[in-house]
Trainee: 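Just passing along the structure, written as structure tokens.
Lettering of chains follows the sequences in order, A, B, ..., and the numbering in each one begins at 1. Because only heavy atoms are used, hydrogens play no part in the values below, and waters and symmetry mates are left out as well, while side chains stay in.
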Amino acid sequence: MNITILYFARIKEVVNYSSEDVELPDGIETIVALKSWLSGRGDTWQKLFSGGGVVRAAINHELVDDMATFEDGDEVAFFPPVTGG
Amino acid sequence: MNITILYFARIKEVVNYSSEDVELPDGIETIVALKSWLSGRGDTWQKLFSGGGVVRAAINHELVDDMATFEDGDEVAFFPPVTGG
Amino acid sequence: MSALIDLNVSVQADDFDVGLELQRLRAATPQAGALVNFVGLVRELSAAGQLSEMVIEHYPGMTEKALQQIALQAAQRWPLLGVRMIHRVGRLPAQAQIVLVAATSLHRQAAFEACAFMMDYLKTEAPFWKKEVGDFGQHWVEARVSDEQAKQQWKLPK
Amino acid sequence: MSALIDLNVSVQADDFDVGLELQRLRAATPQAGALVNFVGLVRELSAAGQLSEMVIEHYPGMTEKALQQIALQAAQRWPLLGVRMIHRVGRLPAQAQIVLVAATSLHRQAAFEACAFMMDYLKTEAPFWKKEVGDFGQHWVEARVSDEQAKQQWKLPK
């Protein structure tokens, strides 16, 4: 399936871009699976999604946990814990 | 001793004036004693200070309880529970 | 604990401009990160019926002291930077502003808790009395047990 | 429980006029007896040192929804009449206003608790991120454990 991924704040600076459209192999349909798949891109990504700090996720503008599933056409976002207010 | 007594709100309307200077007989030096002495003035006063509703007191602008004592020249005030804000 | 830089208390017949008062409080405490304020308003529909006006009596001299004491108590419990309290007296129409309580602090919890605390104490210790006038005639507002209970929640264990 | 008459949420670069916003909220909910509001300000002295500016990034589209959801959750728990939330984004100098959260209700407790609740949720669920710029260089502000704890206090027993 195809999804759009957005990155914000510190995470955007680490990956060095703010959004991408990706085509996912079959079976990648949860946040945790997506994180694992992205970690395969190399050290920067691996470090980002493992231990180095909490990465929060949203699917179509809703905060979700790692077990949440997305569908074709969804917008997934990764960002650090929020610090507004 | 001589004190000034002030009355406020519902209590002012019941006694029908807002302040008076009184000369007290010896031994009247607590709020409870003063209430009792004033009750001797008649039915209106008796009713005011007994059961018919809580009467709060202040001595020189400080909220006090019935056992508080005042001195010559003090300003004593009687009023209903406050309802500001 | 108390590092109160700005304390301003006023009992007045005149209306007040909330925006202006908050600006002044902020200007006096520029290091603040949080500002909380409460405004109490005359409700058109009272428990007794449609209200035409509210008359507020007070004990001149004692009211100002009571408000100051309440603000100082709050500043002893929370690290407040500034406090502004205004209470109106006299005849007020429906929807009029009655009271303003505002506090600034570095972080929000102090200002939130202190404002709630100051209002709970103001409601039960400051010598103001409200009379409601409306289609039901006129009567003195009764003190609410819930206000006294609200105050009790702030009591510290001895 | 919810009888919310007026709900207004805004994410904007522009500054806001607190007095004017509160006037609008009151005009929309004239039956209110209580108004509570919080204003968050950029502190000149951050944990890292002297601050020259704060940069606030957000997730457009999600921020507005998150703020609305927080306001609606508050209105389900407390009998609020109106809610106004404004959060600024972009570059803000020291002492600038960052956020406004205001609520009106018949009685004060609802507005006080709802405002504190909304701020605790905004701090932990609305997608804003702050970067501090100053004599220390620049860095992203770390989320505070105390904010998460503040939110946990509002959890209802299941």
Trainee: Can you list the steps and then say if D:L45 with C:Q31 is a side-chain contact (heavy atoms from CB on, under 4.5 Å)?
Mentor: CA-CA 7 Å; D:L45 200 64; C:Q31 57 281 76; over 6 Å; no
Trainee: Determine the option with the most heavy-atom pairs under 4.5 angstrom with chain D, choosing from C:A111, C:G40, C:P30.
Mentor: C:P30
Trainee: What pairs with D:Q69 under side-chain contact (heavy atoms from CB on, under 4.5 Å), at least two apart in sequence or on another chain?
Mentor: A:E62
Trainee: Could you look at C:V39 and say if it's the side chain, the backbone, both or neither that has a heavy atom under 4.5 Å from chain D?
Mentor: both
Trainee: Measuring only between side-chain heavy atoms, which start at C-beta, is C:M119 closer than 4.5 Å to D:Q109?
Mentor: no
Trainee: Hey, which residues of residues 19-26 of chain C are touching chain D, say heavy atoms under 4.5 Å apart?
Mentor: C:G19, C:L22, C:R26
Trainee: Look up atom CZ in C:F112 and atom CZ in D:F112, then write down how far apart they are to the nearest 0.5 Å.
Mentor: 8.5 Å
Trainee: Select all residues of residues 142-152 of chain C having any heavy atom within less than 4.5 Å of some heavy atom of chain D, and report them by number, or 'none'.
Mentor: C:R144, C:D147, C:A150
Trainee: Measure distances from C:Q95 to the heavy atoms of chain D and classify the residue's part below 4.5 Å as side chain, backbone, both or neither.
Mentor: both
Trainee: Please list, chain by chain and in numerical order, all residues satisfying side-chain contact (heavy atoms from CB on, under 4.5 Å) with C:D15, sequence neighbours excluded.
Mentor: C:R88, C:Q97
Trainee: Which bit of C:L106 is near chain D, if near means a heavy-atom gap under 4.5 Å: side chain, backbone, both or neither?
Mentor: both
Trainee: Mind ranking C:D120, C:V36, C:V18, C:N37 by heavy-atom pairs under 4.5 Å with chain D and telling me who comes out on top?
Mentor: C:N37
